[in-house]
Amino acid sequence: MADFDLGSSFIAALHKPSALLPIAKHREALLYLIETNPVTIVVGQTGSGKTTQIPQFLEQAGWCGDGKIIAVTQPRRVAATTVAVRVAEEYGCELGKEVGYSIRFEDVTSAATRIKFLTDGLLIREALVDPLLSRYSIIMVDEAHERSISTDILLGLLKKIMKRRPELRVIISSATLQAEDFLKFFSPQSDDQPSDQNGKGQTGSIISLEGRTYPIDVLYLEIPTEDYVEKAVSTVFEIHTKEGDGDILVFLTGREEIDNAIQAISERIDQLHPRAQSILALPLYAGLSTEQQMYVFEEAPENTRKVILSTNIAEASVTIDGIVYVVDSGFVKLRAFDPRTGIESLTATPVSKAAASQRAGRAGRTRPGKCFRLYTEDNFQALPDANVPEIQRTNLAPFVLQLKALGIDNVVRFNYLTPPPAELLIKATELLFSLRALDEYAKLTRPLGTRMVELSVEPMMAKTLLTASSFGCLSEILTIAAMTSLGGSVWIQRDGEKKQMESARRKFAADEGDHLTLLNVYQTFVTKGKKEARFCHDNHINFKAMTRAVSIRGQLKRYLERFGIAVDESLSASSAAAGKGESIRRCLTTGYFAHAAKMQFDGTFRNVEGGTILYAHPSSLMFNRKADWVIFHEVMDTGNKIFIRDITKIEKNWLLEYASDFYQLKS
DNA sequence: GAGCACTGC
């Protein structure tokens with residue numbers, strides 16, 4: 001270890017970020033720009049105060065006359081709530097009065113609300129009811145540079161709405177220099193129809209606000225590393241022995257790498273000088289329970305340096321104070337969807353320049369910091385400027401449905417900031433057609449298609465829900481829909497308790513497969529478990545996830561009742577055992593026929609075309625049970641194998657019974 | 001017998 005010299009293996013970057021300027025200085029300029037331009041793009045670093053200050057400036061300047069509201073959208077729920085809390089404090093009002101927020105399951109606003117923080121996904125849903133978003137005088141889209149699919153769709157909608165509402169003001173806030181792209185998107189020239197608006201052809205302006213961050217030294221490797229996990233560990237020790245005080249944040253790609261790194265660190269701690277400062281290595285990833293995540297926020301014990309090994313969650317979603325050193329592997333796991341096979345992949349990919357600087361910025365929040373990039377400066381220069389926008393690599397079926405409901409019949413010609421590949425749109429349209437959500441003219445069907453839009457679950461489950469009452473199992477499918485939408489976070493594995501978790505899980509197992517098992521878990525939770533945390537802890541179940549399932553189920557039930565579909569809960573307590581299994585499995589087939597597979601003698605599965613080898617995910621009951629035909633909720637390629645999750649046995653002839661034309665097309 | 005980054009309605 002001693003032969004590793006920090007000074008010789010890392011070299012300094014040429015450019016250093018400049019210092020600070022408070023936003024108040026720009027107040028008049030901002031208000032003028034917003035007054036005179038339909039679109040204003042605000043480029044601001046973290047700590048510039050754009051999110052908290054701009055809405056208050058606007059409110060004071062009179063933009064809430066005539067009962068109009070200022071909306072500020074965020075890509076994440078926590079951001080919407082925490083920023084609202086802070087602005088309400090600064091404004092001097094009770095949360096939910098003049099300043100409020102609205103996210104799924106929580107509407108903390110009132111008739112008095114003038115500044116409203118909400119997720120961008122929720123604002124899109126508001127547009128389903130109020131297509132011109134007429135309640136709002138100003139809509140500020142925050143963190144637009146993240147390019148989440150909801151942000152992109154919202155921007156497209158806003159461009160359309162602005163043509164009908166010239167008085168509407170749109171503010172786009174972005175942390176990096178994608179400002180020109182946003183400006184170009186909103187300028188008339190980028191339209192299909194030529195426009196000669198005020199001769200200048202300009203509808204917007206860009207303003208830059210500097211942030212209140214500290215300088216960060218960025219260091220690169222001189223020669224690339226073969227093994228960034230090992231290099232991350234050795235760099236942690238180099239920092240620990242050669243640099244001053246301050247906690248270390250290491251960016252890796254996933255749970256496995258993080259566990260390995262922590263193992264390696266704990267093995268090497270013994271080699272430290274007995275009187276030297278010690279190291280406390282902590283993992284951080286979304287799959288941990290809330291309690292496990294809280295450790296990273298606690299102060300390290302005396303004479304101990306905290307080292308947090310994290311996934312991308314620490315890049316934007318979670319902020320930890322006291323980080324002085326960042327170690328960046330340069331990789332991130334990115335989800336992508338292959339429209340040809342319909343299979344999602346989740347593989348480690350090099351980060352973008354924007355993401356790398358976001359990671360580096362995590363070092364300079366409380367004092368000057370250092371960022372060690374585990375790649376060369378040439379590697380960095382070769383990185384793409386920004387990540388591929390989500391809209392270009394995701395299953396678009398839910399969004400095509402939403403666009404149709406918003407009156408955008410031709411989804412190919414919609415105003416996209418960056419258009420998705422045609423194959424993604426075609427695949428989404430085909431699926432929606434096979435589910436009968438779209439007719440042969442690709443128009444939304446009534447009532448099935450329009451109802452599927454309203455249900456906040458993915459299209460295949462929405463279809464399943466809407467056929468459930470004809471199978472007499474609506475109550476059960478409601479539960480299954482809520483449980484599957486948790487995305488595999490039902491079980492919690494605590495350190496060294498793998499066996500215990502497995503046996504806890506077996507207690508709920510149903511022969512028919514994972515969907516009925518999930519149903520058992522939920523029904524035991526609400527009856528025997530009395531919806532209590534104690535029950536969850538004893539059974540290795542994620543309490544937070546179960547609470548969420550209860551909320552989701554309630555919301556779905558309310559939607560169905562609004563459609564006039566009654567939910568009979570009277571028999572639900574005994575349903576799984578009472579011979580409803582077959583109805584439930586048949587019903588699932590009406591939505592998931594496109595996700596069918598046949599088990600082979602060796603226990604692997606083949607998709608219907610027969611070309612793709614699928615493996616039951618180890619979290620599935622079907623991992624070690626016999627079956628013939630099955631349907632599954634999800635399929636994912638992790639680079640090694642293609643896994644299917646949430647699997648249930650069905651009969652082959654049900655596929656023909658409920659999706660004959662789909663399977664005739666296939667063969 | 002072996003594993004899923006993150007977010008949202």
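Sequence lines set the chain letters: A, B, ... in the order given, protein chains first and strands last, and positions in each chain run from 1. Not measured: the values here are computed from a predicted model.
Between A:F623 and A:Y559, the residue anchored nearer the 5' end of DNA chain B, judged by the nucleotide with its closest heavy atom, is A:F623. For the pair A:S485 and A:V332, nearest-nucleotide mapping onto DNA chain B gives the more 5' position to A:V332.
Within 4.0 Å of A:T638, counting heavy atoms only, lie sugar-phosphate atoms of the nucleic acid but no base atom. Backbone-only contact: A:L122 has heavy atoms under 4.0 Å from sugar-phosphate atoms and none from a base. If you check every strand for non-hydrogen atoms under 4.0 Å, A:Y615 touches nothing. At a threshold of 4.0 angstrom between heavy atoms, the contacts of A:R125 include nucleobase atoms, whether or not backbone atoms are also involved. Looking at heavy-atom distances under 4.0 Å, A:L455 makes no contact with the nucleic acid at all. Note on A:F105: nothing from the nucleic acid sits closer than 4.0 angstrom, heavy atoms only.
A side-chain contact (heavy atoms from CB on, under 4.5 Å) with A:K160 holds for exactly one of A:L406, A:I408, A:L132; it is A:I408.
Atoms OG1 and CD1, from A:T418 and A:I391 in turn, are 6.5 Å apart once rounded to the nearest 0.5 Å. Distance check: A:S173 OG to A:E143 CD gives 6.0 Å after rounding to the nearest 0.5 Å.
Set against B:dA5, B:dG8, B:dC4, the side chain of A:R255 has B:dA5 as its closest nucleotide. Residue A:F643 has its side chain nearest to B:dC4 when only B:dA5, B:dC9, B:dC4 are considered. Nearest nucleotide to the A:S317 side chain, out of B:dC6, B:dC9, B:dG3: B:dC6. Candidate nucleotides B:dA2, B:dG8, B:dC4 were compared by shortest atom distance to the side chain of A:L346, and B:dC4 ranks first.
Between the CE atom of A:M501 and the C1' atom of B:dG3 there is a distance of 10 Å, rounded to whole Å. Whole-Å rounding puts the A:R505 CZ to B:dG3 P distance at 14 Å. Distance, A:Q74 CD to B:dC6 P: 20 Å, rounded to whole Å. The nearest whole Å value for the distance from the CZ atom in A:R548 to the P atom in B:dT7 is 10 Å. Computed from coordinates, the A:E458 CD to B:dG8 C1' distance equals 13 Å when rounded to whole Å. Computed from coordinates, the A:K499 NZ to B:dG3 P distance equals 17 Å when rounded to whole Å. Distance A:L614 CG to B:dG3 P: 15 Å, rounded to the nearest Å. The distance from atom NZ of A:K641 to atom C1' of B:dG1 is 9 Å, rounded to the nearest whole Å.
At the phosphate of B:dA2, neither OP1 nor OP2 sits under 4.0 Å from any side-chain N or O atom of A:H617. Regarding contacts with the backbone of B:dC9, a side-chain N or O of A:T119 is found under 4.0 angstrom from either OP1 or OP2. At B:dC6, one or more side-chain N or O atoms of A:T311 fall inside 4.0 Å of OP1 or OP2 (strictly under the cut-off). When the side-chain nitrogen and oxygen atoms of A:R645 are compared with OP1 and OP2 of B:dG3, none of them lie within a distance under 4.0 Å.
At a threshold of 4.5 Å between non-hydrogen side-chain atoms, the residues A:Y559 and A:I565 do not count as touching.
The closest donor-acceptor contact from the side chain of A:R77 to the backbone of A:R104 lies under 3.5 Å.
Between A:W491 and A:F508, the ring planes lie tilted relative to each other; the angle falls in the 30° to 60° range.
In terms of polar N and O atoms assigned as donor or acceptor, the side chain of A:E634 comes within less than 3.5 Å of the base of B:dC4 in a complementary pairing.
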